[in-house]
Amino acid sequence: MTSDSSISQRAMAGFAESRGGFDGADAPYLDGLNAEQREAVLWTEGPVLMLAGAGTGKTRALTARLARLLATGRARPWQILAVTFTNKAAREIKDRVARLIGPAAEGLQWLGTFHSVSAQILRRHAPLVGLKSTFAIIDADDQARLAKQVIEAEGLDEKRWSGRMLGFLIDGWKNRGLTPDKVPQDEAWRFAEGRAIKLYAAYQARLTTLNAADFGDLLVHNLTIFQKHADVLEEYHQRFRYLLVDEYQDTNVAQYLWLRLLAQKSRNICCVGDDDQSIYGWRGAEVENILKFEKDFPGAKVIRLERNYRSTPAILAAASGLISANAQRLGKTLWTDRAEGDKVKVRGVWDAEEEARLIGDDIEAEQARGRALSDMAVLVRAAFQMRAFEDRFNTLGIAYRVVGGPRFYEREETRDALAYLRLIRNGDDDLSFERVVNKPKRGLGDKALQTLHVIARARGVSLMTAAKLSLETDDLGGAAKKALAQFVGAIERWARDAKDMTPAEIAELALEESGYVDMWKTSKSAQADGKLDNLKELVRAASEFDTLEGYLDHVALVSELTEASESGQVWLMTLHAAKGLEFPVVFLPGWEEGIFPSQRSLEEKGAAALEEERRLAYVGITRAEESCRISFAANRQVYGRWQAAMPSRFIDELPEDAVDVVSQPGLYGAAAKTFASHSSFDGAKLKDDAYYDNPGWRRARAASGRGPSPPPMIEGRASSVSVSAPGRSRFAVGARVFHQKFGYGRITAVEGQKLTVDFDHSGEKKVVDAFLEAA
DNA sequence: TCCGAGCCACTTTTT
DNA sequence: GTGGCTCGGA
């Protein structure tokens, strides 16, 4: 610590003062904290960077710090700004503070996600950026639709320039805190032949007319307000005495600027993070922010939490070894005094189905030994990998629970229902109007909507107003007019009723009377029942709120229902969703080149992306307390086609002595080689030499214990047949056959046991007799 | 205006 | 394999 800075003197004063009385070493919030955690709690004045490795009790220190600020009277609850990235994290912090200091924690009204806090601030000053305080918050889906409209209005080919792409681009700029006038001119060429910035400006103009803000706006508008209105910023300087930031390594430029503006006066900012767990670069997060904290806040106190309470030494060793391959890091050495424990298991299997079978069996075995299902988690790189596990778990009857899958509030029926509610609250919500005006079908199709758009644009009014105007004219045909009058009348009626009804009652009324519920009741779709259930659930969720406004705001910023946690289910989620969680047993499937590290991310961002993927792997391993089981498959279906896969390079980066490789023999054996090298895909990648030189393969082969030549067959599959054995095929040219992977086909050539088959869907391939069945 | 057939592009990760 | 979209016919 520096001796000459007034900050550290103040801090020392705080430290000293804390040694006596109520705030002494026996304060309840200090119970069981180690020296570093204590320091993080007691060092309240001036900038603090808490570098907290995985499982080092970060949340514990952080909540104790909040508890202390409140308990010692350093700050009242509303004088603390505490931001997180997820609602889950915010909720957990609030709950834990409440456990430490009681109901006073409820007053922490500025504890929330970046988005919810900045939305709160924006509501109070909306007019300063041209919005009304009732502005709607639109999600990614609406954003894409709006962007699409802007693109169409500009006369561009929407097939070539999609709304989603423009949405991504705009998000990128907003992540960097850039309004249209601040985007560097040369970036205009990133979309639509130099018109990108113009489109961005048009998009913003549309949002203003709609009285709406997208996610990125919440923060960017805050920045604009703070920069242009010193008095407003001053108000928040007065208000926020202490700032606390969770997961600082995930902040983007806009969030960084926002924090810096708010902290510049008090400088009492405590950022908590772990550079090794920065996994949101694709969303604009800048690891840089955490790497340069000490430069941004001179005299900052840096506290390292390195004692890990979660995992066994074996697991930590595997994780540490892996992450050490990254160049860009502050560096930490996690340690633990737990007992050694099992090595990290690495297992190779034939394909995703078999991987699911293996993991399913493991889960059953653990369960038989008395392990609770909820103590086990399967963490995947991408959501599409989940299906194989769901199928398998359903077959075995293993209860599971998907975290983060298709989000409740993003489902079609939920969004439709919410559009009704939004329209009831605010008739001028054009996006919602468009969404439900013909849902259920009312005979108000494209043509009618087109007409309304023309009127709306000509008069400069909303679609709802245009609709009312059109009822007085002959712009629409008789049938359409009648239907529209009914629709408009119904919305107005519900809006009147809404005044003295609860959100749940309005929702129920509108969904029933609009015919929306009937639409699904009479639907033949297989998903209709589920959708009706979701609608009921939505009404139930609404019943937890007093006002329609409150409910809609909640929905906009929270993508999940508050879920009752059940103990009897295996967790199934993406690695991203798993951050911050821990489980005794963790399965990490799909460690194959192309999947993990993800091909796409490497193509997009190269070496930096590889480091991020590696951090993701690190996050995965460090979720495990006792047992960590990594697996990879030799074959995987991509877009319904089979593809050979190589073990992930990350597997080879795991330190030898921390892992236990149990590869199934024969994965990359002769049979696989035969069809791999002759198949139409990936010929280059699978050239024999390169293939067998792959380190992951070497490891797998070494573990199989069968010497240098690939073992002949796959265990459990056609194991009775030897590839090398000469002999005659059971099949003749022209025979119809079936192949597990390639489906049905016809034999076109026979050469011993090697057959050439023209598959109906996969084309001509050479395969071995043993893999075929007569069809 | 609606609906089905056929074509397509697509799969990271999320507030 | 899937879901989203366009196009043509009812």
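Source: prediction; values computed, not measured. Order of the sequence lines fixes the chain letters, A, B, ..., with proteins taken first and strands second; residue numbering starts at 1 for each chain.
Considering only side-chain atoms of A/Arg283, the nucleotide from B/dT1, B/dT13, B/dT14 that sits closest is B/dT14. For A/Lys441, the side-chain atoms get nearest to B/dC2 when compared with the rest of B/dC2, B/dT13, B/dT15.
Contacts of A/Arg387 with the nucleic acid, taken as non-hydrogen atoms under 4.0 Å apart, involve only primed sugar atoms and P, OP1 or OP2. Backbone-only contact: A/Phe85 has heavy atoms under 4.0 Å from sugar-phosphate atoms and none from a base. Using a 4.0 Å heavy-atom distance criterion, A/Ser601 is classed as a base contact. Within the nucleic acid shown, A/Ala140 has no heavy atom closer than 4.0 Å to any nucleic acid atom. A/Tyr280 comes within 4.0 angstrom of sugar-phosphate atoms only, judged by non-hydrogen atoms across all strands, and of no base.
Under 3.5 Å, the side chains of A/Ser631 and A/Glu355 contain a donor-acceptor pair of N or O atoms. Counting only N and O atoms by type, the side chains of A/Gln249 and A/Asp275 include no donor and acceptor under 3.5 Å apart.
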Test log, rule ring-ring contact (aromatic ring centres under 6.0 Å, His included), inputs A/Trp282 and A/Tyr280: CA-CA 5 Å; A/Trp282 52 275; A/Tyr280 284 103; 5.5 Å; yes
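By the 4.0 Å N-to-carboxylate-O rule, A/Lys58 lies too far from A/Asp274 to be salt-bridged with it.
One finds a side-chain N or O of A/Thr574 lying less than 4.0 angstrom from the OP1 or OP2 phosphate oxygen of B/dT14. In terms of phosphate contacts, A/Asn438 brings a side-chain nitrogen or oxygen within less than 4.0 Å of OP1 or OP2 of B/dC2.
The CG-C1' distance, from A/Leu444 to B/dC2, rounds to 13 Å in whole Å. A/Ile138 places its CD1 atom 14 Å from the C1' atom of B/dT15, with the value rounded to the nearest Å. The CZ atom of A/Arg145 sits 11 Å away from the P atom of C/dC5 (whole-angstrom rounding). One atom, NZ of A/Lys148, and another, P of C/dC5, lie 6 Å apart when rounded to the nearest Å. Protein atom CZ of A/Arg615 is 13 Å distant from nucleotide atom C1' of B/dT13, rounded to whole Å. With rounding to whole Å, A/Trp258 atom CH2 is found 17 Å from B/dT15 atom P. Here B/dT15 presents its P atom at 13 Å from NE2 of A/His554, a figure rounded to the nearest Å. Remark: P of B/dT15 and CG of A/Asp141 are 15 Å apart, rounded to the nearest angstrom.
Atom name C1', nucleotides B/dT13 and C/dG4: the rounded distance is 22 Å, in whole Å.
For A/Gly443 and A/Val638, each mapped to the nucleotide of DNA chain B holding its nearest heavy atom, the one lying further toward the 5' end belongs to A/Gly443. Comparing A/Phe215 and A/Leu602 by the nucleotide of DNA chain B whose heavy atom lies nearest to each, the residue mapping closer to the 5' end is A/Leu602.
In this structure, A/Trp282 packs face-to-face on the six-membered ring of B/dT13, meeting both the 5.5 Å centre cutoff and the 30° plane limit.
A/Phe114 and A/Phe85 have tilted rings, their planes meeting at an angle from 30° to 60° on a 0 to 90° scale.
No option in A/Thr622, A/Thr574, A/Asp250 other than A/Asp250 meets the side chain to side chain donor-acceptor pair (under 3.5 Å) test with A/Lys579.
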